[in-house]
*Asks:* 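One structure coming up, written as structure tokens, with questions to follow.
Position 1 is the first residue of the sequence, and the numbers go up from there.
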Amino acid sequence: MAFVRCRRDPCGVICLILTYFSVFYADYVVIQYVLIPAYSGSVWCTLHGSVFNLILLLLLACHSKAVFSDPGMVPLPDTAIDFSDLRSQSSRMNERGCEGWTVCSRCETYRPPRAHHCRVCQRCIRRMDHHCPWINNCVGELNQKYFIQFLFYTGMASLYSLVLVVSAWVWRIRNEREGDVDKEGEDTPSKHLIVAHYIILLVESVLFGVFVMVIFYDQLVSIITDETPIEQMRNRLMMKDRGSSSSSSSSSSLTPPSSQMSYHPSHTRKPKLALLREVFGRGSVLCWLLPLHSSPPTVGGVSYSALPDYDV
């Protein structure tokens, strides 16, 4: 499991604990200090409580799937690979349809195109986006869907709790002006305690809401452009290097034509809907909102061995 693989990462463990604590604290404050005092005896209390807890349930389900799902680890070979004849092996790989495969010196194995090594998980991940401490796992080809769903429901829960707290605070201020607060029983929490919980939940909702929405937008842009953040950074560096080299040699007439060409990604561009379906599945769009297992993308294949079909 991902938690076992990355259990030695203290930052990931702390972020996991903080995530679950924040979720349960928000549920406690919303039920105990927002809905019951403001909507007690009303159908709105049951309605808001059911919807809010449904969102939290989906949030936790998506988070658990993102934590414990395989992000797309490249399998390790059973025996050591001989890289002494790497140049001839590369030509055989290209001839047999394995073009783009590279060698990972840390894993000591061949990895498919768009796979990168994670220093925390200590494995190569297919189409690695980044290592996220909030799920204590990498975001890769096979769990990016659950990670984006987790971001979506976290944003919804933050917005919902923000609206409920503000409405309950307005309700209390209105009752204080009308003098109805004095009618509350002795078991009612003090005003200072309620206000403290309101402020803490407001700060939590704003911080987490803005944070996850920014990452959610970045994830969608990464899918639509078909470039992970690692690939975007690499492409910018390559274009910058090409631009600097072409400008420095612009006065020379012996500049090779290949060095003046602009950089093109190694993979072909696809329609945006096809890119989204590769991540969220080929079923109904409504299924994209549920943490259901979808068939893995067929492009490039996920069912592959640690060694492609070539001699070692």
Side-chain angles (χ1 to χ4, degrees), residues 1-31 49-73 118 120-121 123 125-162 164 200-201 203-220 222-223 228-229 276 278-281 283 285-294 296:
M1 289 186 178
F3 183 78
V4 178
R5 290 193 299 265
C6 302
R7 65 185 183 274
R8 290 176 293 180
D9 180 26
C11 180
V13 176
I14 293 174
C15 287
L16 280 180
I17 297 175
L18 182 60
T19 298
Y20 288 111
F21 174 79
S22 301
V23 170
F24 290 118
Y25 174 77
D27 191 34
Y28 169 74
V29 173
V30 167
I31 299 298
S50 301
V51 173
F52 186 73
N53 279 272
L54 177 61
I55 295 175
L56 294 186
L57 180 63
L58 290 172
L59 184 156
L60 293 175
C62 297
H63 183 266
S64 300
K65 292 283 287 186
V67 170
F68 296 107
S69 295
D70 178 16
M73 289 189 172
C118 176
V120 181
C121 296
R123 293 288 295 276
I125 310 297
R126 286 179 59 92
R127 205 171 68 194
M128 175 181 171
D129 190 272
H130 68 287
H131 184 91
C132 179
W134 296 101
I135 63 173
N136 198 24
N137 197 4
C138 277
V139 178
E141 185 177 66
L142 301 183
N143 69 340
Q144 188 178 22
K145 167 186 176 179
Y146 307 125
F147 178 69
I148 295 177
Q149 290 173 339
F150 164 66
L151 297 176
F152 175 74
Y153 287 115
T154 302
M156 284 191 61
S158 300
L159 180 61
Y160 203 169
S161 60
L162 185 66
L164 289 177
I200 294 175
L201 185 56
V203 173
E204 175 187 333
S205 300
V206 172
L207 290 180
F208 278 94
V210 173
F211 179 67
V212 299
M213 284 297 102
V214 171
I215 302 180
F216 179 79
Y217 172 79
D218 183 70
Q219 287 290 305
L220 291 183
S222 176
I223 295 175
T228 64
L276 291 173
E278 282 189 5
V279 175
F280 294 100
V285 177
L286 295 177
C287 295
W288 293 3
L289 301 176
L290 301 177
L292 302 175
H293 176 73
S294 57

*Asks:* Begin with the C-alpha distance, continue with both residues' side-chain angles, and end with the deciding distance and a verdict on side chain to side chain contact (heavy atoms under 4.5 Å, CB included) for L201 and L164.
*Replies:* CA-CA 10 Å; L201 185 56; L164 289 177; over 6 Å; no

*Asks:* Do N143 side-chain atoms and C138 backbone N/O form a donor-acceptor pair below 3.5 Å?
*Replies:* yes

*Asks:* What distance do L290 atom CG and K145 atom NZ have between them, rounded to the nearest 0.5 Å?
*Replies:* 8.0 Å

*Asks:* Of the non-hydrogen atoms in P71 and N137, which two are nearest, and what is the gap between them?
*Replies:* CG-OD1, 3.7 Å

*Asks:* Could you check whether any side-chain heavy atom of Y146 comes within less than 4.5 Å of a side-chain heavy atom of I135, counting everything from C-beta outward?
*Replies:* no

*Asks:* Are the side chains of M128 and V139 in contact, using a 4.5 Å heavy-atom criterion?
*Replies:* no

*Asks:* Where is the tightest heavy-atom contact between S161 and V30, given as atom of each residue plus distance?
*Replies:* CB-CG2, 4.2 Å

*Asks:* What pair of heavy atoms forms the shortest contact from S222 to T228, and how long is it?
*Replies:* OG-CA, 3.5 Å

*Asks:* Are the side chains of I223 and I148 in touch, meaning some heavy atoms are under 4.5 Å apart?
*Replies:* yes

*Asks:* Taking all non-hydrogen atoms of both residues, which atom of C132 and which atom of F147 are closest, and how far apart?
*Replies:* SG-CE1, 3.6 Å

*Asks:* Of all the heavy-atom pairs spanning L60 and F24, show the shortest one and how long it is.
*Replies:* CD1-CZ, 4.3 Å

*Asks:* Among pairs that include at least one residue of residues 10-25, which meet side chain to side chain donor-acceptor pair (under 3.5 Å), considering only residues two or more places apart or in two chains?
*Replies:* Y20-H63, Y25-H197

*Asks:* Is the shortest heavy-atom distance from the side chain of H130 to the side chain of P229 under 4.5 Å?
*Replies:* no

*Asks:* Rounded to the nearest 0.5 Å, what separation is found between the CG atom of L16 and the CH2 atom of W134?
*Replies:* 9.5 Å

*Asks:* Look up atom OG in S205 and atom CD1 in I200, then write down how far apart they are to the nearest 0.5 Å.
*Replies:* 11.5 Å

*Asks:* Could you give the side-chain donor-acceptor pairs of residues 206-219 under 3.5 Å, partners two or more places apart or in another chain?
*Replies:*
residue : atom : partner : partner atom : Å
Q219    : OE1  : Q144    : NE2          : 2.9
Q219    : NE2  : D129    : OD1          : 2.9

*Asks:* Atom CZ of F280 and atom CG of L292: how far apart are they, to the nearest 0.5 Å?
*Replies:* 13.0 Å

*Asks:* Which heavy atom in P291 sits nearest to a heavy atom in K65, and how many Å separate them?
*Replies:* O-CE, 3.9 Å

*Asks:* Under the side chain to side chain donor-acceptor pair (under 3.5 Å) definition, can you give me all pairs with a residue in residues 148-159, not counting sequence neighbours?
*Replies:* none

*Asks:* Measure the spacing between CG of D70 and CD of E141 and express it to the nearest 0.5 Å.
*Replies:* 10.0 Å

*Asks:* After noting the C-alpha distance and the side-chain angles of M156 and L58, does the key distance pass the side chain to side chain contact (heavy atoms under 4.5 Å, CB included) rule?
*Replies:* CA-CA 11 Å; M156 284 191 61; L58 290 172; over 6 Å; no

